[in-house]
Amino acid sequence: MAENSEQAAVSDEAVASAAASAALKTSGVYSLLAGFTETIQESILGKTIEAPGVKISRNGEHVKIDVSLVIEYGYQIPSVAWNIQKNVKRQVEQLGEISVDSVDVHVQKIHFNIE
């Protein structure tokens, strides 16, 4: 049984890493924002983990992903959010038998490049 727990933890880390990578590659994203939640909550669906700017809630092969980020000034927030959702879902589902139920995007700040 412990072996399954270790596999789940590694798998969750892989999901969080893939989600972060996909979000950061999306045009208009300045950075992910670590610690967007003050507390880690456990839901009835399973355990929740946090990675910098990414929160994963998992129930077997079903995953819900929250991404908290800083967006570049001048980009349309709805367009960037839509692209993040598509990119994260695609990249995470390429990891294997994982179904992404939702990708929620939380824009926490806007980065102004002042020179």
Side-chain angles (χ1 to χ4, degrees):
M1 186 113 181
E3 185 176 318
N4 289 340
S5 295
E6 289 173 1
Q7 288 175 341
V10 170
S11 182
D12 287 348
E13 290 300 321
V15 169
S17 177
S21 174
L24 287 169
K25 291 177 185 174
T26 304
S27 183
V29 174
Y30 178 72
S31 68
L32 298 179
L33 191 61
F36 72 96
T37 329
E38 294 296 330
T39 60
I40 299 173
Q41 299 179 7
E42 292 183 1
S43 70
I44 211 162
L45 299 176
K47 71 178 186 176
T48 301
I49 64 164
E50 271 193 286
V54 178
K55 178 180 169 186
I56 307 293
S57 300
R58 187 174 185 143
N59 181 18
E61 287 102 30
H62 295 276
V63 175
K64 178 184 181 284
I65 302 170
D66 288 274
V67 181
S68 183
L69 56 95
V70 178
I71 193 170
E72 285 282 357
Y73 176 76
Y75 284 85
Q76 294 181 353
I77 293 173
S79 296
V80 174
W82 175 255
N83 289 333
I84 290 168
Q85 289 173 325
K86 289 189 313 183
N87 294 343
V88 167
K89 180 176 173 62
R90 180 177 47 243
Q91 189 155 334
V92 168
E93 288 182 344
Q94 287 177 353
L95 293 175
E97 297 179 14
I98 297 173
S99 175
V100 177
D101 291 339
S102 67
V103 177
D104 295 331
V105 178
H106 307 276
V107 177
Q108 300 294 319
K109 296 181 180 182
I110 297 175
H111 176 256
F112 295 91
N113 191 6
I114 301 172
E115 295 186 28

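Counting begins at 1 with the first residue of the sequence.
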List the atom pairs, donor and acceptor, that lie under 3.5 Å between side-chain atoms in residues 18-34 and the rest of the protein, sequence neighbours left out.
residue	atom	partner	partner atom	Å
T26	OG1	A22	O	3.0
T26	OG1	A23	O	3.4
T26	OG1	N87	ND2	2.9

Less than 3.5 Å apart, which donor and acceptor atoms pair up between the side chains of residues 71-80 and the rest of the protein, not counting sequence neighbours?
residue	atom	partner	partner atom	Å
E72	OE1	H111	ND1	3.3
Q76	OE1	S79	OG	3.4

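Under the 4.5 Å side-chain heavy-atom criterion for grouping Ile, Leu, Val, Met, Phe, Trp and Tyr, W82 is not connected to V107 through any hydrophobic cluster. A continuous path of hydrophobic side-chain contacts links I84 to I110 [ILVMFWY only; heavy atoms under 4.5 Å].
Atom NZ in K86 sits 14.5 Å away from atom CD in Q91 (nearest 0.5 Å). Expressed to the nearest 0.5 Å, how far OG of S68 lies from NZ of K109 amounts to 9.5 Å.
Proximity of R58 to V15: side-chain heavy atoms (C-beta onward) are separated by under 4.5 Å at one or more points.
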query: Do Q85 and V105 pass the side chain to side chain contact (heavy atoms under 4.5 Å, CB included) test, and can you show the C-alpha distance, the side-chain angles, and the key distance before you say yes or no?
result: CA-CA 7 Å; Q85 289 173 325; V105 178; 4.0 Å; yes
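Take Q94 and apply the side-chain contact (heavy atoms from CB on, under 4.5 Å) test, not counting sequence neighbours, and it matches R90. Partners of E93 under the salt bridge (Lys or Arg N to Asp or Glu O under 4.0 Å) rule, at least two apart in sequence or in another chain, are K89. K64 is linked by a salt bridge (Lys or Arg N to Asp or Glu O under 4.0 Å) to D66, D104, counting only residues two or more places apart in sequence or in another chain.
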